[in-house]
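Here the structure is laid out as structure tokens; the discussion comes afterwards.
What you see is a predicted model, and the numbers here were worked out from it, not measured in a lab. Just so it is clear, the values below take in all heavy atoms, side chains as well, and ignore hydrogens, waters and symmetry mates. Every chain is numbered from 1, with letters handed out A, B, ... down the list of sequences.
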Amino acid sequence: MDYAWDFSAIVQYRGLLLVGLLNTFKLAAVCLVLGLAFGLPVGLMRYARSPWLNWPATAFVEVFRNTPVLVQIMWFFFAFPIISPFDINAFTAAALGLTLNTVAFSSEIYRAGIQSIAKGQWEAGKALGMTGKQQLTRVILPQALRRMIPAFMNRAIELVKMTSLASVIAYGELMHQAKTISTIAFNPIEMYTVVALIFFALIAPPALAVQRYEKSLERRG
Amino acid sequence: MTEMLRLEGLVKRFDDLEVLKGIDLTVQKGETIVLLGASGSGKSTLLRCVNFMEVPSGGRVHLMGEPVGRDGRGAAISYSERDLVPIRARVGMVFQHFNLFPHMTVLQNVMEGPRTVLGLPRSECEARARKYLDKVGLGWKADAWPSHLSGGQQQRVAIARALAMEPEIMLFDEATSALDPELVGEVLDTIKELADEGMTLLIVTHELGFAYTVADRVLFLSAGRILEEGRPEEVLLAPREEQTQSFLRGHGRFRLPETPAQEQA
């Protein structure tokens, strides 16, 4: 096999790639922040005894966990504007799909994390005279969040990878920019190799850091 | 005498299971009451109804002379969380498994109640926390983490944490049951000191010798009722009820002899 690798076009179009990289960051950051922020209330609703809180949250989580993200993004881009009065651009559609997906998964992380704290901790706070909210914010969450960090990091890594799905609705993130460049310069082999390397460079360091953190948690017991 | 606690016909049900079947009890200020009974007799549930960790299903609880809860329709009494939260702050509780907050130092554990619940200034909370840590003999451990303490020390910190709220009644729910035998004494000493100082105490314990020493009154519970009640020497040394007698026999089955046995030749 004597294929002559030629990366010159990629150097030439590096501006387009940089835009894609920034858009990938932007999409991932927005979805991560919103997803984690709304994941907590949804997770707490799943923990609630009242069916009025519990049932809608459960339905939401199951719908978004059990459908492909690609379908969700396509749905928000093509179907949502027809059944709603809003016009929606590619960024908003992708952000909606990925955020709601992140809410669904992170709510489960919150729920599992909170449930992993011994019942006696709630009781100790309650016996001191704390309100339910104080028990949660002063006693439970500070302990639970520490245990949730690895799971959240994995979610963040997953999210960065999933942003590439936004290329199907022509949002100009890394993958979409690469597709554009490879069409212009006829260099799909080099181009997608470089995209793979960029994603790897983005994701590998935090992924390794998580593994280390998990090991240190195990050691601490 | 000031009445601190009065239970009138207290009933507690969990679904179909009736754990307390009508408890009447009055506790005066400074009294030490020990609750005895087999597991499942309802003694822990009784304790947990006093500070409303569990909400009673029937009957009435009076704390510091005031009835708790509002009269609802008919005989039912309604309890709102908003009313119960300040009551819990006035009744201290110590648990079998300590339940210290592992993400806080010893000092922070003891400061937490005054700070978060009472909203006192930080400096005052710290002064209070140090005072009660000194009282349980652990002032020198203020900056340690709970996980670095022995079980006995953890339980003494838990006692200091409850005391820092300056409660009017203290509840001890099998406070020494999870401890290694050699650590039981230091916790019992701490509780006895509180009893001697005139704190009102309700204690669930299996330490009969301690009950005998510290109690003003001993209650024996069986199947959700107070079966026998009296001064410690009455209930523990001359029990009237067959069930109390067999409970005490079970506890005293193996004893060390008073004098060492002669070595076999």
Seminar exercise, completed: Bottom line for B/R161: the part with an atom under 4.5 Å from chain A's heavy atoms is both

For this session: Mark yes when over 12 heavy atoms from residues, nucleotides or ligands other than A/F60 sit less than 6.0 Å from its CZ; otherwise mark no.
Result: yes

Exercise. Is atom CZ of B/R90 surrounded by more than 12 heavy atoms (other residues, nucleotides or ligands) closer than 6.0 Å?
Worked result: no

Exercise. More than 12 foreign heavy atoms under 6.0 Å from CG of A/N66: is that the case here?
Worked result: yes

Exercise. Has B/F14 got more than 12 heavy atoms of other residues, nucleotides or ligands less than 6.0 Å from its CZ?
Worked result: yes

Exercise. Above 12 or not: heavy atoms from other molecules or residues under 6.0 Å from OH of B/Y79?
Worked result: yes

Problem set entry | CZ (B/R70) with more than 12 external heavy atoms under 6.0 Å | no

Exercise. Just wondering, are more than 12 heavy atoms of other shown residues or ligands nearer than 6.0 Å to NZ in A/K179?
Worked result: yes

For this session: Examine whether an atom of B/M53 lies under 4.5 Å from a heavy atom of chain A, and if so say whether it belongs to the side chain, the backbone or both; otherwise answer neither.
Result: both

Exercise. Under 6.0 Å from the CH2 atom of A/W75, do we count more than 12 heavy atoms belonging to anything else shown?
Worked result: yes

Exercise. Listed by residue number, which members of residues 91-101 of chain B have a heavy atom under 4.5 Å from any heavy atom of chain A?
Worked result: B/V91, B/M93, B/F95, B/N99, B/L100, B/F101

For this session: Select all residues of residues 104-143 of chain A having any heavy atom within less than 4.5 Å of some heavy atom of chain B, and report them by number, or 'none'.
Result: A/G120, A/Q121, A/E123, A/A124, A/G125, A/K126, A/A127, A/L128, A/G129, A/M130, A/T131, A/Q134, A/R138, A/V139, A/P142, A/Q143

